[in-house]
There are 2 protein chains.
Amino acid sequence: MKRDPDSGGEGRGSVVPTISQVAKVSGFSRATVSRAFSRPEMLTEETVRHVKEVADRLGYVPNQVARALSTGRHGNVALIVTDVANPFFPPLIRAAQLRADQAGLCVFLGNSDEDPAREELLVGRFIGQVEGLVLASSRLDEAHIRRYATRRPLVLINRDIEGITRVLIDTAPGVAAAIAHLAELGHRHIAYVSGPTTSWSNQQRRNAVRREAEKRGLKVIAVPARPPSYDTGRLAAVQIIASGVTAAIAFDDLVAQGLLAGLAALDVEVPKSFSVVGCDDVLGETTYPPLTTVSARCADAGDVAVGLLLSQMSGGMSGEIRHKLNSHLVIRASTGPAPVKRRSR
Amino acid sequence: MKRDPDSGGEGRGSVVPTISQVAKVSGFSRATVSRAFSRPEMLTEETVRHVKEVADRLGYVPNQVARALSTGRHGNVALIVTDVANPFFPPLIRAAQLRADQAGLCVFLGNSDEDPAREELLVGRFIGQVEGLVLASSRLDEAHIRRYATRRPLVLINRDIEGITRVLIDTAPGVAAAIAHLAELGHRHIAYVSGPTTSWSNQQRRNAVRREAEKRGLKVIAVPARPPSYDTGRLAAVQIIASGVTAAIAFDDLVAQGLLAGLAALDVEVPKSFSVVGCDDVLGETTYPPLTTVSARCADAGDVAVGLLLSQMSGGMSGEIRHKLNSHLVIRASTGPAPVKRRSR
DNA sequence: TTGTATGCGTTATCAC
DNA sequence: GTGATAACGCATACAA
């Protein structure tokens, strides 16, 4: 079982010092050296100072793996998202990181690419070395998630499973407001540019669109943009224009931005001849024209999720938690009055 | 040292099974159970099957921490970036992840916020439980980096320190081409909208601009946008216009995009009255007008960095490595001929 | 092919 | 306040 002390890139020819070396050199016991690092308040200031000095000289630093084995805690959590490169996630990741940092936790990041198998692989790799995990927009089936949740504290973002702690960005109110906004502008026929079928967010938004449109007597058709991206949004423009609608609400801002480009390519002026609404509000005013969109507080979701995970990890968790985050409509410049006349299809 | 087996969120009232339980129930020794998971090829198919069945029934799964302590390897690496939310990084992170995944590694992600102290904290937290790290756009001082590099394999992205493995996105050729492009369009006075002083990329780009401009007899002024962002870019517009230049090249695409917005707010038409060049090419054609920019292959950087880290971790590394990634100019629609006449400042 | 014995580096439990 | 020592759960020489 002897191991090459030089493997793993440690030291250049020098052995990695352990607590025992420090003990021997400092003249104290291993227990004392250990305490000098983990609970200095139990020792004389003098002792601590001496031990640390020796440790410094030897280049000793506590082995976290050994510590973790002994204590059962290592302060790691995992965050799995579907796509780091989708602008929805970076703010979420950032906020989650920040919260974890403040608690002294290290965070593993995983990228599932919306592939359940890949996500499962990642969870499997992480779960043995984390104290908790948060799954954002998980594509795992319910049974798997439930099983994982029995092994480790687990919180879901934008996935609604009874009994599992979850934080949901409730875009329904914002979407409803968007429909109302379009209705007031005189639009009667609109399109919903839909995202992934398996996405909770997509289902929620689609339903909200239908419900509110029906209530106001608007006709709505669905046009897919899968996977949701700038390109699929751009490609959807032709079909949307051909359908004769005068406005579209997209699954997310990226799709909306692509749609804007697609419309421009068709010489359709926005918002004069056509109105576009996005969702998530992750692009700010950077689109042209600035996008009317549903604000989704994705950063808050990351923050809250890690917060809930923390309290779950520390055991202070009573019943089921289903945290909802509000949304609202942000009106910018991509929506306007319905054009007075448009050719029928 | 007895520990509450229920802590850490494990099991609901059930003890976490260890290798010993499986051994007892299956009738084999602990060594055999261990081998059934780590080196099944050493055992009879029959024994492996039996052991795994028992393990399954008991819900046993190897404890990675214990395994790591024993073997000295745990398959974790760390990636630290300055800002997850800056569009430059997501593609890089994604590519790095992918490469690590293929090698079966888990990746810790850290966010330094361009703060050296914070970055140091993160490295300290990570280094004890990773086999290697990659630091992107590190703000750490050279001495620290060198010290860390003696403890673990380490590769730098966009930071040039002799003796440390590094991958550098060489934007100088692309920037030079951009200057040439502007010169050919008749621009004589241009601005460089600069990024963080401590950033290697910024220094490199600034120098390339100066060098090439001098060669072609262009005058160049520097205008700061710090920290580099959409907002600081937008704010820089006033100063830039006031200076009387006819074109600007920005530290990165985000700044360029902000500048575009700032110019629009001032009713300066792009590219008719003013030309803008970005850097990194992370926005694609999503800006208005589509941005002429220097392509920077940031995804490749992440991929290559992890690749180098892997070979360094496996010990197969000869001398010093300084991997350069090329760049080139991508001409879109934000650059055009210099306006025939502009009021002097 | 399988079992035995020991070590990995640390923390926690007891004594002193 | 400090020291001896037994876990923590697993992997691996070595013996059988």
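Labels below follow one simple rule: chain letters A, B, ... track the order of the sequence lines, proteins then strands, and each chain is numbered from 1.
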S.K.: Output side-chain donor-acceptor pairs under 3.5 Å for residues 35-44 of chain A, partner residues at least two apart or in another chain, one line each.
M.R.:
| from | atom 1 | to | atom 2 | distance (Å) |
| --- | --- | --- | --- | --- |
| A:Ser38 | OG | A:Ser34 | O | 2.8 |
| A:Thr44 | OG1 | A:Thr47 | OG1 | 3.4 |

S.K.: Can you pull out every ring pair (Phe, Tyr, Trp, His ring centres under 6.0 Å) where at least one residue sits in residues 100-141 of chain B? Sequence neighbours excluded, please.
M.R.: A:Phe108-B:Phe108, B:Phe108-B:Phe126

S.K.: What salt bridge (charged side-chain N to carboxylate O under 4.0 Å, His left out) pairs are there with at least one residue in residues 75-85 of chain B, not counting sequence neighbours?
M.R.: A:Arg94-B:Asp83

S.K.: Specify the separation, in whole Å, of atom CZ of B:Phe37 and atom C1' of D:dC10.
M.R.: 12 Å

S.K.: Got a sec? Which of residues 58-66 of chain B come in under 4.0 Å of DNA chain C, heavy atoms?
M.R.: none

S.K.: Which atoms of nucleotides 2-5 of chain D (N or O only) lie under 3.5 Å from a protein N or O atom, and what are those distances?
M.R.:
| from | atom 1 | to | atom 2 | distance (Å) |
| --- | --- | --- | --- | --- |
| D:dT2 | OP1 | A:Thr44 | OG1 | 3.3 |
| D:dT2 | OP1 | A:Thr47 | OG1 | 2.8 |
| D:dT2 | OP2 | A:Thr44 | N | 3.2 |
| D:dT2 | OP2 | A:Thr44 | OG1 | 3.4 |
| D:dT2 | OP2 | A:Thr47 | OG1 | 3.2 |
| D:dG3 | OP2 | A:Ser29 | N | 3.2 |
| D:dG3 | OP2 | A:Ser29 | OG | 3.1 |
| D:dG3 | OP2 | A:Thr32 | OG1 | 2.2 |
| D:dG3 | N7 | A:Arg35 | NH2 | 2.7 |
| D:dG3 | O6 | A:Arg35 | NH2 | 3.2 |

S.K.: Can you name the residues that form a side-chain contact (heavy atoms from CB on, under 4.5 Å) with B:Ser112, not counting sequence neighbours?
M.R.: B:Ile80, B:Thr82, B:Glu119

S.K.: Would a 4.5 Å heavy-atom cut-off, applied to side chains only, mark A:Leu105 and A:Val107 as touching?
M.R.: no

S.K.: Using heavy atoms to find the nearest nucleotide of DNA chain C for B:Glu41 and A:Ile19 separately, return the residue whose nucleotide is more 5′.
M.R.: B:Glu41

S.K.: So does B:Arg146 pair up with B:Glu142, basic N to acidic O under 4.0 Å?
M.R.: yes

S.K.: Only pairs at least two apart or in different chains count here, so list each side-chain hydrogen bond (donor to acceptor under 3.5 Å, both in side chains) that has a residue in residues 96-105 of chain A.
M.R.: A:Arg99-A:Asp303, A:Asp101-B:Arg118

S.K.: Measure CD/A:Gln129 against P/D:dG9 and give the value in whole Å, please.
M.R.: 17 Å

S.K.: Atom NE2 of B:His74 to atom P of C:dC8: distance rounded to whole Å?
M.R.: 17 Å

S.K.: Among all residues two or more places apart in sequence or in another chain, which pass the salt bridge (charged side-chain N to carboxylate O under 4.0 Å, His left out) test with B:Asp115?
M.R.: none

S.K.: Using the C1' atoms of five pairs at each end, what's the angle between the two axes of the helix from C:dT1-D:dA16 to C:dC16-D:dG1, to 10 degrees?
M.R.: 30°

S.K.: Would you please name every residue forming a side chain to side chain donor-acceptor pair (under 3.5 Å) with A:Arg57, sequence neighbours left out?
M.R.: none

S.K.: Mind jotting down which residue pairs meet the salt bridge (charged side-chain N to carboxylate O under 4.0 Å, His left out) criterion with at least one end in residues 62-71 of chain A? Sequence neighbours excluded, please.
M.R.: none

S.K.: Measure CG/A:Leu69 against P/C:dC8 and give the value in whole Å, please.
M.R.: 14 Å

S.K.: Between P on C:dT2 and CD on B:Glu45, what's the gap in Å once rounded to a whole number?
M.R.: 12 Å

S.K.: When you measure from the side-chain N and O atoms of A:Arg67 to the phosphate of D:dC8, is any distance below 4.0 Å, counting only OP1 and OP2?
M.R.: no

S.K.: With respect to the phosphate group of C:dT11, does any side-chain polar atom (N or O) of A:Ser34 fall under 4.0 Å of OP1 or OP2?
M.R.: yes

S.K.: Residues in side-chain contact (heavy atoms from CB on, under 4.5 Å) with A:Arg147, at least two apart?
M.R.: A:His144

S.K.: Answer with base, sugar-phosphate or nothing: what part of the nucleic acid does A:Arg73 contact at a heavy-atom distance below 4.0 Å?
M.R.: nothing

S.K.: May I have the distance from B:Arg39 (atom CZ) to C:dT2 (atom C1'), rounded to whole angstrom?
M.R.: 14 Å

